[in-house]
Amino acid sequence: AKQAEVVRTWNLLTAKPTIFLVNVHEDDVSKGKNKWLLKIKRWIDMHAPGSRILPVSVGHESKLQQMDPEELKTYANETRLASRL
């Protein structure tokens, strides 16, 4: 335990928590689920315990980035879907 505390002060990349971004289909963003996420989460738990998973639709994010602020606000209010990034 003491060694782990010392290593954390070194700011090594391997000692940092990991977040896995998983690209999912645009439709899965609105559904809030994807058939692969549980399997991916199990793999992450086995190979990188304590890491987090963040499902993101790159297609959806791309569309959001192209909207002007007012259009984005209207879209978010109507769909309840905001950027995950």
Side-chain angles (χ1 to χ4, degrees):
K2 184 171 173 99
Q3 289 176 338
E5 289 178 31
V6 171
V7 170
R8 278 191 214 113
T9 64
W10 296 344
N11 294 321
L12 299 173
L13 182 60
T14 56
K16 302 281 186 218
T18 305
I19 298 175
F20 288 83
L21 266 61
V22 178
N23 188 27
V24 298
H25 191 273
E26 213 170 316
D27 294 339
D28 294 342
V29 172
S30 59
K31 292 179 197 171
K33 61 182 180 178
N34 175 284
K35 69 179 182 177
W36 296 104
L37 288 178
L38 184 58
K39 293 177 184 180
I40 293 169
K41 178 65 175 142
R42 285 184 188 142
W43 184 92
I44 290 171
D45 289 343
M46 281 180 27
H47 295 90
S51 297
R52 300 192 58 194
I53 184 170
L54 177 62
V56 176
S57 169
V58 174
H60 177 72
E61 294 294 333
S62 177
K63 287 180 183 180
L64 295 178
Q65 292 299 316
Q66 295 174 12
M67 293 181 184
D68 63 58
E70 192 59 38
E71 184 181 17
L72 184 60
K73 185 177 178 181
T74 302
Y75 176 81
N77 288 335
E78 290 174 357
T79 63
R80 295 183 159 176
L81 295 175
S83 174
R84 301 285 312 253
L85 303 178

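The structure displayed is predicted, hence computed values, not measured ones. Start at 1 with the first residue, then count along the sequence.
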Fill in the blank from the handout: Between the CG atom in D68 and the OG1 atom in T74, the distance rounded to the nearest 0.5 Å is 8.5 Å

Handout entry: Where V56 and E61 come nearest, the two heavy atoms and their spacing
Key = CG1-CG, 3.7 Å

Fill in the blank from the handout: Taking every heavy atom of H25 against every heavy atom of S57, the minimum-distance pair comes out as C-OG, 4.0 Å

Handout entry: Over all atoms of both residues, closest heavy-atom pair of N23 and V58
Key = OD1-N, 2.9 Å

Practice task
Check the hydrophobic clustering (I, L, V, M, F, W, Y; side-chain heavy atoms under 4.5 Å; chains of links allowed) and say if L37 and F20 are grouped together.
Solution key: yes

Handout entry: I19 CD1: over 12 foreign heavy atoms closer than 6.0 Å
Key = no

Problem - Value rounded to 0.5 Å, distance of CD in E71 from CG in L64 - result: 9.5 Å

Completion exercise
Rounding to 0.5 Å, atoms CD (Q65) and CG (L72) come to a distance of 8.0 Å

Problem - Short N-O contact, D27 and K31, less than 4.0 angstrom - result: no

Problem - Connected via hydrophobic side-chain network under 4.5 Å: L21 and I40 - result: no

Handout entry: Approximate separation, where rounding is to 0.5 Å, of K2 NZ and E5 CD
Key = 7.5 Å

Practice task
For residues K33 and D28, report the shortest heavy-atom separation together with the two atoms involved.
Solution key: O-CB, 3.2 Å

Exercise for the section: State, yes or no, whether a side-chain contact exists between W36 and V22 at a heavy-atom distance under 4.5 Å. Expected result: no

Completion exercise
The reported gap from CE in M46 to CZ in R42 (rounded to nearest 0.5 angstrom) is 11.0 Å

Problem - Shortest non-hydrogen contact from G59 toward E26 - result: C-OE1, 4.0 Å

